[in-house]
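Presented below is the structure to which this report refers.
The shown structure was predicted, so the numbers you read here are calculated from the model rather than taken from an experiment. Side chains included, hydrogens not; waters and symmetry mates left out as well; all remaining heavy atoms used.
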Amino acid sequence: MKNQELAQIFYEIAEFLEMEGVAFKPYAYQKAAITLENLKEDVEEIYRTGGRKALEEIPGVGKSIAQKIEEYLKTGKIKYYQELKEKTPVKIDELTAIEGVGPKMVKVLYQKLGIKNLKDLEKAAKEHKIAPLFGFGEKTEKNILQGIAFLKRSKGRFLLGEILPIVKEIEEKLKELKEVKRVSVAGSVRRRKETIGDVDFLVTTDNPQKVMDFFVSLPGVIKVWGKGLTKSSIRMKEGFDVDLRVVPEECYGSALQYFTGSKEHNIATRKIAISKGLKLNEYGVFRNKKKIAGKTEEEVYEALGMAWMPPEIREDRGEVELSLKGKKYLPRLIELKDIKGDLHCHSKWDGGANSILEMAQAAIERGYQYLGISDHTKFLKIEHGLDERKLSLQRKEIEKINRDFEKSGVKFRILQGAETNILNDGSIDIKDEALKKLDYAIAGIHSSFKMSKEKMTERIIRAMKNPYIKIISHPTGRILKKRDEYQVDFEKILRAAKEFNVFLEINSYPERLDLNDINAKKAVEMGVKLVINTDSHHKDQLRYIEFGVYQARRGWVEKENVVNTWSLQRLLEYLKS
DNA sequence: GCCGTTTTCGGCCCGACTGTTTTCAGTCG
């Protein structure tokens, strides 16, 4: 789909325009980019069937942007964009990816020092050429270096959310090939890790030549290397690498186990093998020279006296010991089908893409029993946060839709929440009288991220003490590849969550996934209740729930730990109590 | 550049925080 490519271009145009100090246009381009990014329909298809007129029907797309989309679809280029790039030939997306660096800074850095990309910037900062610049200083230079260091730490890794859809496509294509007998993705993708270095596929086949030829000519491949009959590597246009390995049928299980990892899990399992006088490698389980298992993963684990376990927990965090004791000691991980509703979604009321009804219909399509609309509140002006009056107006709309559902026999209920803001002193930006009228309230940190650990912990705990606050959203505040967690004493937060009966969120947004696996596991061990939400700003984002569930599974979370696996009735009773 | 149950022109993108430039511009959510 061309949607993503166009979105990327419009984001960049917005930044170039912002760099030049153009007013309002950047916002318009950004809006259009966001819409395109989330659009389900293929923009090419829209254009083919309805022409430029149909493009203009897309929200945020008017005459000018429609014309540019048309130009891109016809020629693969946008002249306006090319001109902007020629005028200031900088890698603007690369530079503004650094925390604290925006378009204006990029402009000065280019004009004064000729900085065009990350490399130039790092060099200049290390040579202390930034600090003396007018408007910059020691601190800024240091922040830039730190920002670059952080970017590098996460560089070369991709979000699971970006990669998984493409991986599934590749897997489907391989499956369709009749020469392929068995195929599976392995590695960190199979373990559903939040970020991925590269992708590993395993196949069995009688015709490796054919399979490899097919593999290296998949659509989207921009580079091929090491092509052989047992292993070939490709790079996809999105920038990540994929390895394909052909393994013998009788080794498929052990190869899958080996290449799924994690490395730590494999080390632990090999130790078990040694302790039993066995040897484990990617070709099988061996007693002396005799192979005793290898065809399936189950039989490999069985040969080691272990129960098979889901890939998500293979991190050597205790799963090896439990699986030795037996299957019933392993956690029964939550599954996608257990989810009965979503309690953190945004609507048009706070600038989200869809109306409450549209969001509800999308939830019904997913088979949910309920959906919680929790728009931002007034402190977040940019997000069109709702004040007490608007919350009460919104309540009326929700009640009306619920009545209509009831009349037409639709077994579904919209709940009214709100994603309130925890102010610096831990108070909430909405009055208690208004919170009281909601079905529940969420509280989250959206400002002042750089507090001391003590202050931040105090701040969140004070919010949890508010009897109307039932959920803490994205509890650690991290943004993958962008921003670290804020400083907080998580143990204390867990104790408070338990004491005040507050649910901690696992935010399913691919760049958040917050709580992460480790924190989720701690929460489960402490008996803290969790809720897996999507934080959807668009109805199509409800599908992100998948990623929240994966993260939960990585954190050993079971169905019973998660309140939105409960029926509507049970949830309502609990909220009331 | 987009949009319209206040408007086809005139709004929209606000407020906190940071660092630096001593009075505020740039960045972020």
Legend entry - Integer angstrom distance from the C1' of B:dA16 to that of B:dG10: 28 Å
Inset, instruction - Answer yes or no: does a side-chain N or O of A:K68 lie under 4.0 Å from OP1 or OP2 of B:dG1? - result: yes
Legend entry - Separation between the P atoms of B:dT23 and B:dC17, rounded to whole Å: 23 Å
Inset, instruction - May I have the distance from A:E141 (atom CD) to B:dG19 (atom C1'), rounded to whole angstrom? - result: 14 Å
Inset, instruction - State whether the aromatic ring of A:F24 stacks on the base of B:dC13, taking stacking to mean ring centres under 5.5 Å apart and ring planes under 30° to each other. - result: no
Legend entry - Gap in Å between the two C1' atoms, one belonging to B:dT20 and one to B:dC14, rounded: 23 Å
Inset, instruction - Answer with base, sugar-phosphate or nothing: what part of the nucleic acid does A:L17 contact at a heavy-atom distance below 4.0 Å? - result: nothing
Inset, instruction - Identify which one of A:K453, A:E454, A:K455 satisfies the side chain to side chain contact (heavy atoms under 4.5 Å, CB included) criterion when paired with A:M451. - result: A:K455
Legend entry - Separation between the C1' atoms of B:dT18 and B:dT22, rounded to whole Å: 16 Å
Legend entry - Nearest-angstrom distance, P atom, B:dT21 to B:dT6: 47 Å
Inset, instruction - With a 3.5 angstrom cut-off on both distances, give the Watson-Crick or G-U wobble partner of B:dC28, or none if there isn't one. - result: B:dG15
Inset, instruction - Determine the contact category for A:K139: base if any of its heavy atoms lies under 4.0 Å from a base atom, sugar-phosphate if only primed atoms, P, OP1 or OP2 are that close, otherwise nothing. - result: sugar-phosphate
Legend entry - Side-chain donor or acceptor of A:R459 paired with backbone N/O of A:L423 under 3.5 Å: yes
Legend entry - Stepwise side-chain hydrogen bond (donor to acceptor under 3.5 Å, both in side chains) test for A:Q541 and A:Y509: CA-CA 8 Å; A:Q541 291 174 345; A:Y509 234 74; 3.1 Å; yes
Inset, instruction - Using a cut-off of strictly less than 4.0 Å, decide whether A:S448 has a side-chain nitrogen or oxygen near OP1 or OP2 of B:dC17. - result: yes
Inset, instruction - Using a 4.0 Å heavy-atom cut-off across all strands, classify A:G135 as base, sugar-phosphate, or nothing. - result: base
Legend entry - Interatomic distance where OH belongs to A:Y486 and C1' belongs to B:dC28 [whole Å]: 15 Å
Inset, instruction - Mind telling me whether A:H346 and A:H537 have parallel, tilted or perpendicular rings, with 30° and 60° as the class edges? - result: parallel
Legend entry - Length of the line joining A:N424:CG and B:dG29:C1', which is rounded to integer Å: 14 Å
Inset, instruction - Search all heavy atoms of A:S508 against all heavy atoms of A:G548 and return the closest pair with its distance. - result: OG-CA, 3.2 Å
Legend entry - Integer angstrom distance from the P of B:dT5 to that of B:dG1: 23 Å
Inset, instruction - Please determine if A:E511 and A:R478 form a salt bridge, counting it only when a charged side-chain N lies under 4.0 Å from a carboxylate O. - result: no
Legend entry - Protein-nucleotide distance (A:Q146, atom CD; B:dT18, atom C1'), rounded to Å: 14 Å
Inset, instruction - Report yes if a side-chain nitrogen or oxygen of A:T96 is closer than 4.0 Å to either non-bridging phosphate oxygen (OP1 or OP2) of B:dT27; otherwise report no. - result: no
Inset, instruction - Counting heavy atoms from C-beta on, name the nucleotide in B:dG1, B:dA16, B:dC17 closest to the side chain of A:A28. - result: B:dG1
Legend entry - Spacing of A:I34 atom CD1 relative to B:dC2 atom C1', expressed in whole Å: 14 Å
Inset, instruction - To the nearest Å, give me how far apart CD (A:Q30) and P (B:dG29) are. - result: 12 Å
Inset, instruction - Mind checking A:S64 for me? I need base, sugar-phosphate or nothing, with any heavy atom below 4.0 Å counting as a touch. - result: sugar-phosphate
Inset, instruction - Using only side-chain N and O atoms of A:N143, determine if any of them is under 4.0 Å from OP1 or OP2 of B:dG19. - result: yes
Legend entry - Proximity to the side chain of A:T140 - top-ranked nucleotide from B:dG1, B:dG19, B:dT27: B:dG19
Inset, instruction - Mind telling me whether A:H446 and A:H376 have parallel, tilted or perpendicular rings, with 30° and 60° as the class edges? - result: perpendicular
Legend entry - B:dC2 versus B:dG19 - spacing of their C1' atoms, nearest Å: 35 Å
Inset, instruction - Find the distance A:K31:NZ to B:dG11:C1' and express it as a whole number of Å. - result: 14 Å
Legend entry - Sugar-phosphate only, base, or nothing, as touched by A:K63 at under 4.0 Å among non-hydrogen atoms: sugar-phosphate
Legend entry - Between P of B:dG29 and NE2 of A:H474, the distance in whole Å: 11 Å
Legend entry - Phosphate contact (B:dA16 OP1 or OP2) by A:N421 side-chain N/O below 4.0 Å: no
Inset, instruction - Could you tell me whether the phosphate oxygens of B:dC13, OP1 or OP2, come under 4.0 Å of any side-chain nitrogen or oxygen in A:Y27? - result: yes
Legend entry - Between B:dC12 and B:dT7 - C1' atom distance, rounded Å: 13 Å
